[in-house]
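Just so you know, these numbers use all the heavy atoms, side chains as well, and skip hydrogens, waters and symmetry mates. Nothing fancy with the numbering, it's 1 onward along the sequence. Small disclaimer: the values here were computed from a predicted structure and weren't measured.
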Amino acid sequence: MNSEDFLKLVEMRQSDRDYDRSCKVPEDAIRRIVDAGRLAPSACNSQPWHFVVVTRNDLLEQMSPILNQMNMNKFASSAPCFIVMVQEAPNFTARLGGWIKNRHFPLIDGGIAAAHITLAATAEGLGSCIMGWFDEKRLKKLLSIPSSKRVHLVISLGYSKQDHRQKQRHSIDEVMSFEKY
């Protein structure tokens, strides 16, 4: 893949909020997508994540009200697949570095993994959307996630019913400078 192909992939990725629930996401595609998240860089190679994939209809139905809090994420009811990102404990070096630098690296690492996952989904011809608004306690209970763990994000996956949209972003000159701010 050359840089133009990569930038085209980045441009094609969007947050999709309407899926064809009748079209299941193939397991081999899910495995490639999660593998992209697994291969993401992390502070001190800590890899502080676990990915719970949800595709069973009964669980999808139960997840909809958990994800749709205060009418946020209403679209989740149309998704045929979710990847739930659970934070695992970072290794000693990442914990120490985080304490010294006053940064919680697992949150940064989770964001990087989520970006890899959504780009991989786009490469598979799938839509995705990263969600951070949900009832974490109910989600952990439903998916048997230990109460001591934190759920970073939930990513919906599916065949999008939405058209591709042009990105509305600041120009490169507004967000980049050389040598000084």
Please assess Met131 against Phe75 for the test side chain to side chain contact (heavy atoms under 4.5 Å, CB included), listing each intermediate value before the final yes or no. CA-CA 11 Å; Met131 295 172 275; Phe75 68 91; 3.7 Å; yes

Without swapping roles, check the side chain of Trp133 against the backbone of Gln69 for a donor-acceptor pair under 3.5 Å. yes

Which heavy atom in Asp16 sits nearest to a heavy atom in Gln162, and how many Å separate them? CA-OE1, 3.1 Å

Measure the spacing between CH2 of Trp49 and CG of Leu153 and express it to the nearest 0.5 Å. 12.0 Å

Side chain to side chain contact (heavy atoms under 4.5 Å, CB included) evaluation trace for Thr55 with Ile30: CA-CA 10 Å; Thr55 59; Ile30 294 169; 3.8 Å; yes

Measuring from atom CG of Leu60 to atom CZ of Arg21, what distance do you get when rounded to the nearest 0.5 angstrom? 4.5 Å

Does His50, at its NE2 atom, have more than 12 non-hydrogen atoms belonging to other residues, nucleotides or ligands within less than 6.0 Å? no

More than 12 heavy atoms from other groups under 6.0 Å of CD on Glu27: no

Step by step, would you call Val84 with Met63 a side chain to side chain contact (heavy atoms under 4.5 Å, CB included)? CA-CA 11 Å; Val84 179; Met63 283 183 69; 4.1 Å; yes

Between Glu11 and Lys167, is there a side-chain N and carboxylate O pair less than 4.0 Å apart? no

Tell me whether Leu119 is reachable from Ile117 by hopping between hydrophobic residues (I, L, V, M, F, W, Y) whose side-chain heavy atoms are closer than 4.5 Å. no

In the single-linkage hydrophobic clustering (I, L, V, M, F, W, Y; side-chain heavy atoms under 4.5 Å), do Phe178 and Ile172 co-cluster? yes

Within the structure provided, determine whether Ser77 and Asn68 are in side-chain contact (heavy-atom separation under 4.5 Å). no

Please check this pair: side chain of Gln87 against backbone of Arg150, looking for a donor-acceptor N/O pair closer than 3.5 Å. no

Got a donor-acceptor contact below 3.5 angstrom from the Lys140 side chain to the Ser147 backbone? yes

Roughly how far, to the nearest 0.5 Å, is CG of Asn2 from CG of Asp5? 4.0 Å

Tell me whether Val54 is reachable from Val154 by hopping between hydrophobic residues (I, L, V, M, F, W, Y) whose side-chain heavy atoms are closer than 4.5 Å. yes

Residues Ser128, Leu157; criterion side chain to side chain contact (heavy atoms under 4.5 Å, CB included); working and verdict: CA-CA 5 Å; Ser128 64; Leu157 290 180; 3.8 Å; yes

In Å and rounded to the nearest 0.5 Å, what is the CG to CZ distance from Asp35 to Arg38? 4.0 Å

Transitive ILVMFWY side-chain link Ile83 to Tyr159, under 4.5 Å: yes

Whether over 12 other heavy atoms sit under 6.0 Å from Arg31 CZ: no

According to a hydrophobic-cluster definition based on side-chain heavy atoms being under 4.5 Å apart (Ile, Leu, Val, Met, Phe, Trp, Tyr only), do Leu143 and Met85 belong together? no

Do the charged groups of Lys8 and Glu4 touch, with an N to O distance under 4.0 Å? no

Where Thr118 and Ala115 come nearest, the two heavy atoms and their spacing: OG1-O, 3.1 Å

Has Asp109 got a side-chain atom pairing as donor or acceptor with Ala43's backbone, closer than 3.5 angstrom? yes

Counting N and O atoms only, with roles assigned by atom type, does the side chain of Asn73 sit under 3.5 Å from a partner on the main chain of Leu67, one being a donor and the other an acceptor? yes

Validation row: Ile112, His116 side chains within 4.5 angstrom (heavy atoms): yes

Taking every heavy atom of Ser156 against every heavy atom of Tyr19, the minimum-distance pair comes out as OG-OH, 2.7 Å

Given side chains that start at C-beta, do those of Lys149 and Val151 come closer than 4.5 Å, heavy atoms only? no

Pro65 and Gln62: which non-hydrogen atoms are nearest, and at how many Å? CD-O, 3.4 Å

Can you check whether Cys44's main-chain N or O pairs, donor with acceptor, with Asn91's side chain at less than 3.5 Å? yes

Checking Gln47 side chain against Ser42 main chain: does a donor-acceptor pair fall under 3.5 Å? no

Correct closest heavy-atom pair for Val86 and His152 would be C-CD2, 4.3 Å

Main-chain N/O of Pro90 paired to Arg95 side chain as donor or acceptor, under 3.5 Å: yes

dist Arg138:CZ -> Ile66:CD1 (nearest 0.5 Å) comes out at 5.0 Å

Show the nearest heavy-atom pair for residues Phe105 and Ala94, with the distance to one decimal. CD1-O, 3.7 Å

Measure the spacing between NE2 of His164 and CE of Met12 and express it to the nearest 0.5 Å. 4.5 Å

Look at the side chain of Glu124 and the backbone N and O of Ile33, then say whether any donor-acceptor pair between them is shorter than 3.5 Å. no

